[in-house]
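Heads up, the thing below is written out as structure tokens.
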Amino acid sequence: MGGAVSAGEDNDELIDNLKEAQYIRTELVEQAFRAIDRADYYLEEFRENAYKDLAWKHGNIHLSAPCIYSEVMEALELQPGLSFLNLGSGTGYLSSMVGLILGPFGVNHGVELHSDVVEYAKQKLDSFIRTSSSFDKFDFCEPSFVPGNCLEISPGCSQYDRVYCGAGVQKQHEDYMKSLLKVGGILVMPLEEKVRPHVTGVFTSPSVKLTKITRTGPSAWETKKILAVSFAPLIQPCHSESGKSRLVQLPPLAVRSLQDLARIAIRSAIKRVIEQEAAGARGGGPRSPPRLKRRRRRRRMETIVFLDKEVFASRVSGPSDDNSCEDAAEDRPEQDDAPPAPRPEPPVNVLREKVLRLPLPDPLKCYLLYYREK
């Protein structure tokens, strides 16, 4: 599934294309997508495909197309402090973006069928926390991943404000999915439609629609179909030799420690000081710096065609193709003897610099920085 927007040369250009196509519509979702580079969740040998609007799968590792994740993030209507359950959490890419919006007092849990993918997700999460330049710009709700079949969640587990399932949900499991949701909560999942016989009397394969279900009361629901999608179906549970299912125990909704709360409060206080200093330097109130728009190159759009179970890529000529030679001439820089522009310095992590200057023991500074490498 994918191919709705043209490929980007980097993560920012991919997000620009998703915004232009109206898949990303809100500022919170845009900030989350820009903060986490999709390529970081690919294996190194496949990174060149990261900015295409296509799903990717290698072994048990899987990522949905960017246009699908965009629709999911928008449909979930995320807010700080909510609880989120990701069924089929995979690489942790979506859960990490959600964590940037939920903030430090949210709940962020994921269930993944394959234990090797759980380990992969934990490695990617650790890398994001230790090395990403985006981490210190947000108050992060760190996801927790557990292995198991999402159809075998223990009945005693808590309900959630937001639930997403990343596999096709058969109609008989719809009520089970709804039971995981609090009143007022939102469930987003690819849901199979009821199978109706064709005029010839032959039953056709069920269609799958990305569906948003809002629980408006204990037994009241509002349902909205978002778009037709193609997802692998949920894998049915395999019972043990004793005939009993292996119940999945989700992490408990634990209260944060006083030490952790102190770290959150100190970091928040330092961020407020940084914002006030930046506002004073500008001579006005706080405002976000304008994002520089890159000059977009004219190129042919990539079209993805799905026939049966095969995928074909083709190029569709646009109106600008007839002027490709003229465009190339316009874009070619004039030859002169001017020295090349100096490479910009990497941005300074002001929060880190201020923490390192605090009159505190080094171990406490490391704790405040989440033991980050940079």
Side-chain angles (χ1 to χ4, degrees), residues 4-41 50-51 53 63-84 86 92-108 128-129 132-143 161-164 184-186 188 210 212 214 224 226-227 264 267-268 270-272 274-279 281-282 284-296 347 349-351:
V5 301
S6 57
E9 294 184 358
D10 57 23
N11 195 65
D12 275 330
E13 188 169 336
L14 173 62
I15 307 312
D16 290 341
N17 295 339
L18 291 168
K19 280 189 65 181
E20 186 176 344
Q22 288 294 299
Y23 283 99
I24 292 178
R25 300 178 290 276
T26 59
E27 185 177 355
L28 276 178
V29 171
E30 179 186 352
Q31 289 174 350
F33 268 87
R34 291 197 190 279
I36 297 183
D37 195 322
R38 179 176 168 89
D40 291 342
Y41 290 79
Y51 307 124
D53 188 32
L63 280 166
S64 294
C67 67
I68 299 298
Y69 283 136
S70 304
E71 287 287 3
V72 169
M73 290 279 285
E74 294 286 358
L76 285 170
E77 299 180 21
L78 297 163
Q79 301 171 25
L82 296 180
S83 56
F84 172 66
N86 189 355
Y93 172 63
L94 177 67
S95 292
S96 293
M97 288 195 292
V98 169
L100 297 177
I101 298 177
L102 297 183
F105 302 111
V107 174
N108 194 354
F128 170 72
I129 292 174
S132 173
S133 60
S134 298
F135 180 81
D136 283 333
K137 299 175 184 177
F138 293 83
D139 292 319
F140 188 51
C141 181
E142 184 175 334
D161 298 302
R162 300 291 186 268
V163 178
Y164 170 65
I186 295 174
V188 178
L210 189 65
K212 174 182 178 180
T214 304
K224 177 184 178 183
I226 301 174
L227 77 164
I264 293 169
R267 286 171 63 92
S268 296
I270 295 174
K271 286 180 181 180
R272 286 195 297 271
I274 294 171
E275 291 173 359
Q276 291 168 2
E277 291 176 349
R282 290 192 301 263
R287 58 185 175 182
S288 57
R291 185 172 173 272
L292 297 178
K293 290 188 177 180
R294 64 172 54 82
R295 183 174 181 179
R296 302 191 65 174
N349 187 332
V350 183
L351 175 66

Determine whether Arg34 and Asp12 satisfy the following criterion, side chain to side chain contact (heavy atoms under 4.5 Å, CB included), listing intermediate values before the conclusion. CA-CA 6 Å; Arg34 291 197 190 279; Asp12 275 330; 3.0 Å; yes
From [X] [atom1] over to [Y] [atom2], what is the distance, rounded to the nearest 0.5 angstrom?
| X | Y | atom1 | atom2 | answer |
| --- | --- | --- | --- | --- |
| Glu9 | Asn17 | CD | CG | 10.0 Å |
| Tyr41 | Leu94 | OH | CG | 10.0 Å |
| Ser95 | Leu102 | OG | CG | 9.5 Å |
| Lys137 | Ser132 | NZ | OG | 8.0 Å |
| Asp37 | Asp10 | CG | CG | 8.0 Å |
| Arg272 | Ile274 | CZ | CD1 | 11.5 Å |

Flag the pair [X] / [Y] as yes when at least one side-chain heavy-atom distance between them is below 4.5 Å, and no otherwise.
| X | Y | answer |
| --- | --- | --- |
| Val188 | Leu210 | yes |
| Tyr69 | Tyr23 | no |
| Phe140 | Leu100 | yes |
| Asp139 | Ser268 | yes |
| Tyr93 | Arg38 | yes |

Can you name the nearest heavy-atom pair linking [X] to [Y], along with the distance?
| X | Y | answer |
| --- | --- | --- |
| Cys141 | Val107 | SG-N, 3.7 Å |
| Ala7 | Glu13 | O-OE2, 4.4 Å |
| Phe128 | Ala35 | CE1-O, 4.4 Å |
| Val163 | Leu76 | O-CD2, 3.9 Å |
| Asp53 | Pro66 | OD1-CD, 3.1 Å |
| Leu28 | Leu78 | CD1-O, 4.2 Å |

Does Phe33 form a side chain to side chain contact (heavy atoms under 4.5 Å, CB included) with Leu14? I'd like the steps, not just the answer. CA-CA 10 Å; Phe33 268 87; Leu14 173 62; over 6 Å; no
Please walk me through it: do Arg25 and Glu71 pass salt bridge (Lys or Arg N to Asp or Glu O under 4.0 Å)? CA-CA 9 Å; Arg25 300 178 290 276; Glu71 287 287 3; 3.5 Å; yes
Evaluate Leu18 against Cys67 for side chain to side chain contact (heavy atoms under 4.5 Å, CB included), listing each step before the verdict. CA-CA 7 Å; Leu18 291 168; Cys67 67; 4.3 Å; yes
I need the single residue from Glu77, Gln31, Glu74 that forms a side-chain hydrogen bond (donor to acceptor under 3.5 Å, both in side chains) with Thr26. Which is it?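 Exactly one pass, corresponding to Glu74.
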For Glu142, is there any backbone N or O sitting under 3.5 Å from a side-chain donor or acceptor partner on Asn108?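 Looks like no, no N/O pair under 3.5 Å.
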With distance as the sole test, does Ser83 use its side chain to make a donor-acceptor pair with the main-chain N or O of Asp161 at under 3.5 Å?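 The answer is yes, because a donor-acceptor pair under 3.5 Å joins these two groups.
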Start with the C-alpha gap between Val98 and Arg162, add the side-chain angles, then the distance that decides, and say whether side chain to side chain contact (heavy atoms under 4.5 Å, CB included) holds. CA-CA 10 Å; Val98 169; Arg162 300 291 186 268; over 6 Å; no
Is any NZ, NE, NH1 or NH2 atom of the basic residue among Arg267 and Asp136 found under 4.0 Å from an Asp or Glu carboxylate oxygen of the other?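 Salt bridge present between Arg267 and Asp136.
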How about Lys271: does its NZ atom have over 12 heavy atoms from other parts shown lying under 6.0 Å from it?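 Above 12, so yes.
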